[in-house]
Amino acid sequence: MLSPLRAAFRTARESLSDAVRVTPGWLLLCAILVLVQAVLPAAQVVLIEGLIDRLNSGGNAWSELLGLTVVVGAMYPLAQVTNIAGQLMMLRLRLHYRVELARTAARLSPSRLADAEVVTDLEASQNATQPMSDMAIRPVQVPGAAVTSVVLCAAIWSINPLSGLLVLAALVPTVLAFTLISRMESTGWPKVAVHDRRAAYATEQLIQQRSGTELAVLGSGPKVADLIADRRAKATRVLDGMIRTAMNLELAAALATAMLFGGALIALVTGGAGGGAAAAAVAGTISGLNAIRQCGYAFGTIITVAPQAQVYRRFVRSVPAGEPQTVVSRVDSVALDNVSFSYPGASTAAVRNICITARRGELVALVGLNGAGKSTAVSLLVGSLSPDCGRVLIDGRDAARLTEAERLGHFGLLVQEFGRFEFTLRDAVGLGSPGVAADEEVRTALADTFAADLPLDTQLGQQWGGTGISGGQWQRLALARIRLRNAGVWILDEPTSAIDAEAEREIFADLRRTSADRVTIVVSHRAWTLREMDRIYVIDDGAVVQQGTYSALMSQPTGRFARLFAAQQE
Ligand SMILES: Nc1ncnc2c1ncn2[C@@H]1O[C@H](COP(=O)(O)OP(=O)(O)OP(=O)(O)O)[C@@H](O)[C@H]1O
């Protein structure tokens with residue numbers, strides 16, 4: 001029972017410190033307004049008691065009436081203004097959390113992005129930003145309501161101690177109910193997040209132009225819609241269970257509170273208080289009960305948001321502060337030195353005792369059947385996977401000694417699933433460099449491509465009212481990013497898979513022409529592109545089974561390479 005309470009206190013403290021940093025002005029205003037409101041019910045009790053005593057004694061009660069009018073009249077507008085100030089504070093905090101999360105996601109390393117748990121945590125953190133900002137005013141309301149409760153209880157206590165005690169005890173059922181609700185939600189929300197992520201992914205497939213068109217042509221959209229419906233239904237069932245349990249607990253708490261309230265009233269009546277005191281105590285009990293419920297509700301909201309807030313904060317803290325990446329333009333060699341690697345849970349190694357070396361000025365190719373281990377070898381080189389044994393060498397030094405950012409700075413990597421970034425042409429190509437890319441650099445990177453003469457402000461992507469471009473053209477832009485980056489090692493995984501034969505020839509001729517100052521590693525399935533290579537590594541079932549130039553490998557007709565590419569000989 002203690003841990004949800006501890007989590008709630010921690011969440012309240014962290015939420016307050018976020019508000020102090022992000023929106024101190026609105027926080028201060030909220031705090032002042034809440035404190036002013038906190039004393040109003042007590043003032044109301046004093047004024048009612050005074051009014052009734054004055055009336056009973058036949059005296060002039062105008063000043064009490066005026067005071068009561070001001071106090072009661074101020075309650076509603078003050079509550080409204082507090083509400084608006086709270087909303088403005090909430091807006092600023094939501095912006096802060098969303099930006100913080102985007103910046104955190106931008107710092108995720110390739111290895112962490114491959115971890116399903118990290119992506120689920122990211123999704124859950126995204127869902128947490130709204131409730132976290134919505135509850136930002138609660139840590140202010142709790143002390144306010146607590147002040148009200150304590151002052152009122154003290155006032156009632158002076159008339160009838162048992163009533164005061166019962167009013168104070170009315171806090172317990174609400175806090176208890178919310179504590180139990182929070183326990184349940186802390187296990188329920190992660191399940192909802194998993195279903196939501198699956199549903200969001202399937203929805204993306206339906207609405208993304210490429211996958212959506214494929215599904216429409218296949219007439220299979222409804223099948224994906226069924227998958228979405230299934231996931232949404234599962235998430236709804238979890239939520240349904242949570243809401244029902246929460247409702248039952250809240251009802252039970254309300255019933256217990258009503259009984260305590262009744263008990264407080266009975267104690268007052270049977271306690272023999274005088275007319276004015278009894279009337280004031282009854283009014284005070286009603287206000288006190290309200291304040292206590294508010295306090296319980298505000299605290300309960302913090303308790304229920306705490307599990308989500310904890311996921312958010314754990315995730316944000318788990319990603320180390322960003323280390324700026326510096327692109328290393330000159331690299332003399334990279335190598336996999338006797339490297340083996342198995343994916344978690346796999347029965348066989350994806351690569352086994354692999355030795356691959358590529359030096360500056362060389363064009364090196366990795367070839368092999370689907371699933372042979374080429375992409376795994378590339379991931380090991382750039383560091384998104386770590387070898388089980390063996391070493392990755394950059395300029396002869398163990399790459400494991402470099403930080404992730406230092407290591408990535410050596411590479412320009414074009415992956416098979418290259419990004420189709422629907423930004424402006426300038427931004428889409430400028431992403432090649434971690435720094436700000438000058439327009440001339442972007443233009444140089446785009447030279448000899450379809451986009452050479454397009455304005456750099458051209459918006460890409462039809463869904464934004466921009467230019468739609470072909471698959472091959474997207475790949476040219478991905479290549480332009482590698483050019484702009486100008487890292488010492490270029491790793492191009494099927495760099496021309498979507499590009500026509502003529503452009504492919506130009507690209508490979510260009511690679512050869514410009515290869516002197518860098519290390520170039522290409523994964524390719526096309527025989528003719530391999531003729532240009534200084535060395536070809538043939539990978540089969542995770543092991544290097546042959547290496548040599550195209551002609552040397554072809555001269556071994558029974559070798560793996562010749563058998564792989566015999567049909568493609570021109
Ligand atoms: N994330 C992963 N988890 C588990 N196994 C994987 C993972 N990625 C690849 N594999 C397995 O590792 C082996 C090597 O895969 P890899 O992607 O390196 O092959 P590849 O030669 O690049 O294939 P392709 O030519 O199709 O791109 C395959 O058996 C594959 O099923």
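As the structure lists them, so they are numbered: ligands from 1, and atoms in each ligand from 1. Residues: numbered from 1 along the sequence shown. Values below: all heavy atoms of this structure, side chains included; hydrogens, waters and symmetry mates excluded.
Shortest non-hydrogen contact noted between T424 and L456 is CB-O, 3.8 Å.
Applying the side-chain contact (heavy atoms from CB on, under 4.5 Å) test between C355 and each of V339, N338, L336, V544 identifies N338 as the sole match.
Distance CZ/R360 to CG/D332: 5.0 Å, rounded to 0.5 Å.
A salt bridge is absent between D534 and R359; no separation between the charged side-chain nitrogens and carboxylate oxygens falls under 4.0 Å.
Protein residues having a heavy atom under 4.0 Å from any atom of ligand 1 are Y343, A350, L369, N370, G371, A372, G373, K374, S375, T376, Q416, H525, listed by chain and number.
In this structure, the side chains of M132 and T11 stay at 4.5 Å or more apart for every pair of heavy atoms.
Residues passing the side-chain hydrogen bond (donor to acceptor under 3.5 Å, both in side chains) test with H96: none are found, sequence neighbours excluded.
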